[in-house]
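As structure tokens, the structure follows; a few thoughts come after it.
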Number of protein chains: 2
Amino acid sequence: MESIASILRNAGLKATPARLFVLRLLAETTKPLSHAEIEALARKEADAPPDRVTLYRVLEALTAAGLATKAVDRRGVARFSARDTHRRHERHVHFHCLGCGGVFCLTAPPPKPPRLPKGFRLEAAEFDVKGTCAQCAAKGKSGA
Amino acid sequence: MESIASILRNAGLKATPARLFVLRLLAETTKPLSHAEIEALARKEADAPPDRVTLYRVLEALTAAGLATKAVDRRGVARFSARDTHRRHERHVHFHCLGCGGVFCLTAPPPKPPRLPKGFRLEAAEFDVKGTCAQCAAKGKSGA
DNA sequence: TTTGCAAATGCAACATGATTGCATTTGCAA
DNA sequence: TTGCAAATGCAATCATGTTGCATTTGCAAA
Ligand SMILES: [Mn+2]
Ligand SMILES: [Mn+2]
Ligand SMILES: [Zn+2]
Ligand SMILES: [Zn+2]
């Protein structure tokens, strides 16, 4: 297996402690993590927790290098996931519960992207399905 | 035609100056407006511009009452549109340019929502298509 | 192994979006 | 006309994210 350090160096990034910590964290976690969540975990687990700003810059570097994916969630917070983790969720649609904020993987494949006007370049297409999950619906908790 | 004031009162909201201003603004504008944009317009056009916080609370009230729609854009900023305006764009897909932030209406109809697990309740399904628009592509400005 | 230096980090300050508490004002139903 | 729940203004506070700059460090070359 390829080490986290070599993954970083192969992507042209120096293998610094902060980057090793964050990339390992993203690789071990299934759900996308926010900067705040990563910072909290770093304070708890890392022996020398990196600075807040360093974490922002690490996430920016990982994203720019293609090792992580950045997406803004419904509340307007940026969330990051490792490229491989993200890939595993590319072939199906997700359901976002407006009650509890939970994300559920559906079995349906994503729809085909539509035809674009001349000169337009497609980069990503996401089918965003929102509503109330079974548990929240039972409790009578509707959206937000 | 129904007055803005009666629309508010029919929705169970008091017809206050701030609400009248914001709802009229949203109704007259085609593109979704952010709080900052609304505040700037209020300072320019309203005789007694409402407080920043009041605008937040007005937008919250309009959304809760179903008179406005709230959506977080790519930069993590909340944007609001009048219910009717929003309805006009429900029957086709939109393209979001990562270069200039522009939104383009496509001709393709939205895909059918997928089957949900038992107990789940669908509220909205949005097909979010991102990339680079023709103008930005010509200028060589890729995504963010 | 040592060393040079571009790149990465820490720290402080700043920017912007959004929320909360509380005293005061006001829409509107009675 | 009037009472009062609801709405507003204002100040403080929080959250997310950015920028400038001095210091440290990963790592490639010597
Ligand atoms: Mn999934
Ligand atoms: Mn449209
Ligand atoms: Zn739920
Ligand atoms: Zn563009």
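To find a chain, count down the sequence lines: A is the first, B the second, and so on, and within it residues start at 1.
- A distance-only check finds no donor-acceptor pair linking the side chain of B:Glu28 to the backbone of B:Leu25 [under 3.5 Å].
- Atom CG of A:Leu59 is separated from atom C1' of C:dA8 by 14 Å (rounded to the nearest Å).
- Listed for the A:Thr63 side chain is a donor-acceptor partner under 3.5 Å among the backbone atoms of A:Leu59.
- Rounded to whole Å, the distance from CD on A:Glu60 to C1' on C:dT9 is 14 Å.
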Applying ring-ring contact (aromatic ring centres under 6.0 Å, His included), run through A:Phe104 and A:His94 and close with a yes or a no. CA-CA 6 Å; A:Phe104 301 83; A:His94 294 96; over 10 Å; no
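- Following rounding to the nearest Å, B:Leu8 (CG) and C:dG27 (C1') show an atom-to-atom distance of 12 Å.
- When the P atom of C:dA23 is taken as reference, atom CG of B:Asp51 falls 17 Å away, rounded to whole Å.
- Side-chain atoms of B:Arg19 come within 3.5 Å of backbone atoms of B:Lys14 as a donor-acceptor pair (strictly under, hydrogens ignored).
- One finds a side-chain N or O of B:Thr16 lying less than 4.0 angstrom from the OP1 or OP2 phosphate oxygen of D:dT8.
- B:Glu45 places no side-chain N or O within 3.5 Å of a backbone atom of B:Ala42 that could act as its donor or acceptor partner.
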With sugar-phosphate taken as primed atoms, P, OP1 and OP2 and all else as base, the protein-contact string of nucleotides 14-21 of chain D at under 4.0 Å (heavy atoms; B, S, -) is --BBBBB-
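- Residue-level contact check: B:Ala61 touches neither bases nor backbone, having no heavy atom under 4.0 Å from any strand.
- To the nearest angstrom, C1' of C:dG10 lies 15 Å from CZ of A:Arg19.
- For B:Lys70 and B:Glu60, the salt-bridge test fails: no basic side-chain N is under 4.0 Å from an acidic carboxylate O.
- If you take CZ of A:Arg74 and C1' of C:dG17, they are 19 Å apart, rounded to a whole angstrom.
- Among the heavy atoms of the strands lying under 4.0 Å from B:Ala15 are primed sugar atoms or P, OP1, OP2 only; no base atom is included.
- Atom CZ of residue A:Phe21 and atom OG1 of residue A:Thr16 lie 12.5 Å apart, to the nearest 0.5 angstrom.
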Go through it in stages, so that I can follow the logic: the residues are A:His89 and A:His86, the test is side-chain hydrogen bond (donor to acceptor under 3.5 Å, both in side chains), and I'd like the CA-CA distance, side-chain angles, deciding distance and then a yes or no. CA-CA 5 Å; A:His89 293 279; A:His86 182 253; over 6 Å; no
Base-pair string, DNA chain C, Watson-Crick plus G-U, cut-off 3.5 Å on both distances, | for inter-strand, is ||||||||||||||||||||||||||||||
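- Residue B:Leu13 contributes atom CG, which lies 14 Å from atom C1' of C:dC28 at whole-angstrom precision.
- Between B:Leu20 atom CG and D:dT8 atom C1' the separation is 14 Å, expressed in whole Å.
- In this structure A:Arg91 satisfies the salt bridge (Lys or Arg N to Asp or Glu O under 4.0 Å) test with no other residue, sequence neighbours excluded.
- The side chain of A:Lys14 lies closest to D:dC27 when the candidates are D:dA6, D:dG9, D:dC27.
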